[in-house]
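The chains referred to below are lettered A, B, ... by the order of the sequence lines, with proteins before strands, and numbering in each begins at 1.
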Amino acid sequence: MTDTQNLTLVQAVRDGLHTELREDDDVVVMGQDVGKNGGVFRATEGLFDEFGGDRVIDTPLAESGIIGTAVGMSAMGMRPVPEIQFSGFMYPGFDQVVSHMARFRTRSRGRFTLPMTLRAPYGGGIRAPEHHSESKEAFYAHEAGLKVVVPSTPYEAKGLLAASIRDPDPVVFLEPKLIYRAFREAVPDEPYTVPIGEAATRREGDDVAVFTYGAMTRPTLEAAETLGKEGIECEVVDLRTVSPLDREAIVEAFEKTGRAVVVHEAPKTGGLGGEITAILQEEALLHQEAPIGRVAGFDVPYPLYALEDYYLPSAARIEEGILEAVEF
Amino acid sequence: MTVFDRAYDDTVRVLDEDGEVVGDVPDLDDDSLVEMYRHMRLARHFDGRAVSLQRQGRMGTYPPLSGQEGAQIGSAYALDDDDWMVPSYREHGAALVHGLPLKQTLLYWMGHEDGNNAPPDVNVFPVAVPIASQVPHATGAAWASKLRGENDAFICYFGDGATSEGDFHEGVNFAGVFDTPTVFFCNNNQWAISVPRERQTRSATLAQKAEAYGIDGVQVDGMDPLAVYSVTKAALKKARDPDSDRPRPTLIEAVQYRFGAHTTADDPTVYRDDDEVERWKRKDPIDRLESYLRDEGVLDDERVAEIESSVEARVADAIDEAESMARPDLRELFEHAYAELPPELERQYEALAALRDDRGDAAFLED
């Protein structure tokens with residue numbers, strides 16, 4: 001019987017970092033305020049005291065410098081885990097992500113691979129200032145050479161993070177900060193991994209497949225429960241990894257139901273919803289009973305918080321989206 | 001006094017424009033000096049042939065290096081085999097000295113990714129095209145070496161234009177903060193495509209930028225291979241084995257000139273005067289070293305002729321080798337994006353391979 005702790009998602013991230021730092025001397029955590037301060041969300045709390053400043057490194061305030069030096073470090077075989085304090089601040093380092101982090105393996109024909117994991121709290125819903133709430137996972141999913149992970153539970157956050165750190169390829173690990181402390185779950189103390197690239201079915205249902213991930217998993221399940229009471233049974237699939245997508249799981253759930261809705265908080269245009277719709281068109285058109293619905297953020301810059309509750313898909317909006325697909 | 005104690009505009013020089021000794025000649029034996037000279041002649045000849053291949057349609061866009069042999073060969077010659085080179089896209093001569101076969105450089109500019117795949121014992125990073133983006137890599141790689149208790153030094157090349165970029169600042173700043181064993185080597189060739197050095201910064205020198213990061217900065221005559229060698233050697237030694245009161249990193253500004261275009265895609269006569277080019281050509285690093293070596297009795301007409309013919313043969317062989325490389329296998333398009341090919345990429349590959357099998361290569365290829 002393995003020991004477990006009842007952890008929030010952010011505590012599970014911390015536990016995952018702690019475990020991997022302990023397991024592998026080549027793992028280093030680096031970024032702004034990750035050391036003594038323990039991270040603005042406490043994701044690295046206590047790690048500096050235990051592992052010291054050469055393993056848990058407070059860097060200068062410079063996103064490109066943080067990501068670019070991690071590129072160099074990981075090219076030499078280390079496993080850096082750079083943190084960008086908020087994903088909305090990734091853009092000064094975006095060139096390093098797309099021009100180098102994603103391409104080093106291809107460009108060197110496999111001589112150099114970058115086993116680095118770029119972490120950032122992402123998404124909205126916490127009443128944060130401007131530029132602190134963006135959901136731009138599609139940028140990274142669009143970039144070949146990267147893997148993009150978005151956990152939605154504490155248990156999986158730890159296991160997916162361990163899998164990311166151990167992965168030979170670079171991973172962008174986006175942590176939905178809306179659910180950093182929303183609930184607790186039993187998380188084993190020992191190391192374990194949850195595989196990248198596999199979706200998880202959160203709820204079984206025959207009427208409509210609903211695809212989501214990250215913080216939107218909870219309101220989606222809430223909507224599904226409400227509709228369940230009305231006799232509409234939703235199959236809820238949590239993608240967990242947005243690149244590579246688990247196409248088989250997506251197609252399978254759709255074939256079972258003939259109807260689909262995608263829920264994400266990222267803007268609708270160019271978001272993962274379009275990609276999932278296209279996959280279903282390519283692979284399961286003849287199973288389709290209704291237009292594929294998208295419940296998403298709007299195609300506007302992320303608002304200040306007075307309007308944020310209208311921007312983010314709520315259980316009510318998700319219910320409406322599902323009803324449209326079911327009642328077509 | 002070390003070279004690091006000089007004023008930033010006190011340019012280190014060993015040979016003047018006529019090859020007369022004006023500084024401290026580095027401790028190199030005659031064979032090494034001739035080898036440096038041979039490398040410079042090789043780089044110059046290679047460069048001419050590469051431009052010609054591009055003009056003939058046998059190679060894609062190519063960035064010429066002529067004029068910069070002094071900086072490239074002088075600096076690379078100072079590296080130990082175990083040291084790492086992090087180049088930009090113009091360091092064909094430096095990479096050659098550090099062991100990268102000429103064939104690799106040709107292949108890269110002929111459009112083969114394999115050109116970036118150096119032999120496992122050659123410590124060269126892939127060519128970096130986005131300006132200054134390789135600077136943080138060099139810092140991070142050197143940092144890894146330091147954290148792991150290894151003892152390698154890293155040299156990072158970039159141009160004068162790169163010093164305007166944020167990544168230059170961030171990479172050098174990190175190196176200062178974490179005292180990484182990195183030598184930042186700025187090939188100040190006066191022009192960032194068409195924009196002159198004066199439009200990059202109001203700083204009087206690029207070397208003085210080191211001051212802002214708390215590291216050493218030194219300006220060297222980049223058309224003087226012996227001065228470049230001396231300065232780089234000292235910087236590498238300090239990176240590996242610093243005095244207690246000195247930072248490991250150094251910023252070297254090698255003042256030089258590119259005789260030709262930025263790449264084969266631009267025409268430098270549009271943005272600079274012939275007079276300027278002629279003025280700099282009088283500082284030609286190859287002539288300068290040759291003159292010195294002739295005066296020293298190390299080189300004579302016969303030896304120079306032998307070097308020239310051996311250089312021509314070596315470049316011709318490399319071109320034959322590169323041009324005889326088959327087009328990479330179709331699977332190479334997909335093979336290295338990830339350590340393990342994701343199922344969707346496998347499907348994309350199989351669909352393309354099936355179409356090619358069905359329609360033949362003629363349906364895809366231009367020639």
Side-chain angles (χ1 to χ4, degrees), chain A residues 25-26 28 30 53-55 57-78 80 82 92-93 95-96 98-100 102-116 144-147 167-170 196-197 243-248 279, chain B residues 84 86 108 112-120 124-130 132-148 150 152 154 156 165-167 169-178 180 182 328 332-340 342-345 347:
Chain A
D25 287 344
D26 278 329
V28 295
M30 58 196 287
D54 281 347
R55 303 286 308 281
I57 305 164
D58 273 324
T59 66
L61 200 176
E63 289 77 10
S64 194
I66 292 167
I67 300 169
T69 53
V71 166
M73 260 191 204
S74 59
M76 303 311 289
M78 292 188 70
D95 179 43
Q96 287 294 341
V98 298
S99 298
H100 292 297
R103 297 169 66 104
F104 235 72
R105 166 176 276 279
T106 282
R107 294 173 54 237
S108 62
R109 305 282 86 186
R111 181 187 185 191
F112 295 99
T113 190
L114 304 186
M116 60 186 281
L146 300 175
K147 296 177 180 178
D167 199 283
D169 291 318
I196 295 172
S243 180
L245 281 170
D246 187 345
R247 295 169 70 104
E248 280 177 26
I279 289 170
Chain B
W84 281 85
V86 181
Y108 178 80
H112 293 251
E113 306 262 5
D114 224 30
N116 258 335
N117 188 11
V124 179
F125 267 46
V127 162
V129 170
S133 62
Q134 73 279 18
V135 176
H137 305 168
T139 300
W143 194 1
S145 172
K146 187 182 171 192
L147 286 170
R148 288 171 142 182
E150 295 161 359
D152 302 323
F154 292 71
C156 181
E165 289 271 10
D167 268 357
H169 166 76
E170 296 188 26
V172 179
N173 189 49
F174 271 59
V177 169
F178 297 106
T180 64
T182 324
E332 286 284 301
L333 182 59
F334 299 88
E335 189 64 30
H336 301 289
Y338 297 92
E340 192 181 337
E344 170 59 12
L345 272 193
R347 276 190 289 271

What part of [X] gets closer than 4.5 Å to chain A, counting heavy atoms only: side chain, backbone, both or neither?
X: B:Pro343; result: neither
X: B:Phe154; result: side chain
X: B:Ala175; result: neither
X: B:Ala118; result: both
X: B:Val172; result: neither
X: B:Asp114; result: both
X: B:Phe334; result: neither
X: B:Pro119; result: backbone

Identify the heavy atoms of [X] and [Y] that sit nearest to each other, and give their distance.
X: A:Ala62; Y: B:Phe174; result: CB-CE1, 3.8 Å
X: A:His100; Y: B:Ala128; result: CE1-CB, 4.2 Å
X: B:Asn116; Y: A:Arg107; result: CB-O, 2.8 Å
X: A:Ser243; Y: B:Tyr338; result: OG-OH, 4.4 Å
X: A:Thr59; Y: B:Trp143; result: CG2-CH2, 4.4 Å

Would you kindly say whether A:Gln96 and B:His137 are connected by a side-chain donor-acceptor distance under 3.5 Å?
yes
Flag the one option from [options] with the top tally of heavy-atom pairs under 4.5 Å to chain A.
options: B:Glu170, B:Gln134, B:His169; answer: B:Glu170
options: B:Val86, B:Val129, B:Val127; answer: B:Val127
options: B:Val177, B:Asp167, B:Thr139; answer: B:Asp167
options: B:Pro342, B:Ala138, B:Pro130; answer: B:Pro130

Top residue by heavy-atom pair count (under 4.5 Å) with chain B, among A:Leu245, A:Ile57, A:Asp167?
A:Ile57
Partner chain B: residue of A:Gly77, A:Gly68, A:Pro80 with the largest heavy-atom pair count (under 4.5 Å)
A:Gly68
B:Glu332 and A:Arg109 ion-paired at < 4.0 Å:
yes
Would B:Arg148 and A:Asp25 pass as an ion pair if we require N to O under 4.0 Å?
no
Which residues share a ring pair (Phe, Tyr, Trp, His ring centres under 6.0 Å) with B:Phe125, sequence neighbours left out
A:Phe104, A:Phe112, B:Trp84
Would you indicate whether B:Glu150, at its atom CD, is surrounded by more than 12 heavy atoms from other residues, nucleotides or ligands within a distance under 6.0 Å?
yes
Pair A:Met73-B:Leu147, side-chain contact (heavy atoms from CB on, under 4.5 Å): steps then yes or no
CA-CA 10 Å; A:Met73 260 191 204; B:Leu147 286 170; 3.9 Å; yes
State, with a plain yes or no, whether a side-chain heavy atom of A:Pro244 is found less than 4.5 Å away from one of B:Glu344.
no
Pairing residues for A:Asp169 by the salt bridge (Lys or Arg N to Asp or Glu O under 4.0 Å) criterion, not counting sequence neighbours
A:Arg105, A:Lys147
Given a strict heavy-atom distance threshold of 4.5 Å, which part of [X] is in contact with chain B: side chain, backbone, both, or neither?
X: A:Asp246; result: neither
X: A:Ala75; result: side chain
X: A:Thr113; result: neither
X: A:Ile66; result: both

List the steps and the verdict of side-chain contact (heavy atoms from CB on, under 4.5 Å) for B:Arg347 and A:Arg247.
CA-CA 12 Å; B:Arg347 276 190 289 271; A:Arg247 295 169 70 104; 3.2 Å; yes
Give the C-alpha distance, both sets of side-chain angles, the deciding distance and a yes or no for side-chain contact (heavy atoms from CB on, under 4.5 Å) between B:Thr180 and A:Thr69.
CA-CA 11 Å; B:Thr180 64; A:Thr69 53; over 6 Å; no
